[in-house]
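Keep in mind that this is a model prediction, so the values were computed, not measured.
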Amino acid sequence: MLKETLKKDEIAAMKARDKAKVNVLRLVNAEIKAYEVNNREDISDENVIKIIEKSIKQNKEALEYAKQANNEEKIAEGNFAIEVLTPYL
């Protein structure tokens, strides 16, 4: 299941001390957990993909605002988050 893959990758990133990747994966895993708690059911891969797509969309929107504000740090963060999440689709 995709959920387990995300969790394993988060743990691997923690062991590698890759804080940026851990932060991105934690946000997605938190959204997955919130879905499970709210709906009182295990999440399907379809819904995990929807959550990842939503997160990528949010990052793209934030990226646009960062480009308008010419904020290089936020632009780099947004691009990295999109790069991390895209392979899971």
*Given a cutoff of under 4.5 Å between side-chain heavy atoms of I, L, V, M, F, W and Y, with clusters grown through shared members, what are the other residues clustered with Met14?*
Val22

*Going by the salt bridge (Lys or Arg N to Asp or Glu O under 4.0 Å) test, which pairs reach into residues 76-89, not counting sequence neighbours?*
Lys74-Glu77

*asked:* Can you pull out every salt bridge (Lys or Arg N to Asp or Glu O under 4.0 Å) where at least one residue sits in residues 63-73? Sequence neighbours excluded, please.
replied: none

*Could you grab the distance from atom CD1 of Ile56 to atom OG1 of Thr86, nearest 0.5 Å is fine?*
4.0 Å

*Classify the side-chain pair Tyr65/Asn71 by whether it contains a donor and acceptor separated by less than 3.5 Å.*
no

*Met1: which other cluster members, linking ILVMFWY side chains closer than 4.5 Å, directly or transitively?*
none

*Rounded to the nearest 0.5 Å, what's the gap from CD1 on Ile52 to CD1 on Ile32? Could you check?*
6.0 Å

_Can you tell me how far apart NZ (Lys3) and CG (Asp42) are? Round to the nearest 0.5 Å._
5.5 Å

*Between OH of Tyr88 and CG of Leu2, what distance do you get to the nearest 0.5 Å?*
8.0 Å

*Please collect all side-chain hydrogen bond (donor to acceptor under 3.5 Å, both in side chains) contacts where either partner lies in residues 15-31, sequence neighbours excluded, each pair once.*
Glu10-Arg26, Glu10-Asn29

_Over all atoms of both residues, closest heavy-atom pair of Ile75 and Ala66_ = CG1-CB, 3.8 Å

*Which side-chain hydrogen bond (donor to acceptor under 3.5 Å, both in side chains) pairs, counting each pair once, include a residue from residues 43-60, with sequence neighbours left out?*
Tyr35-Asn47, Ser44-Asn47

_Distance check, rounded to the nearest 0.5 Å: Leu89 atom CG versus Ile49 atom CD1?_
6.5 Å

_Nearest 0.5 angstrom please: Leu27 CG to Leu85 CG, how far?_
9.0 Å

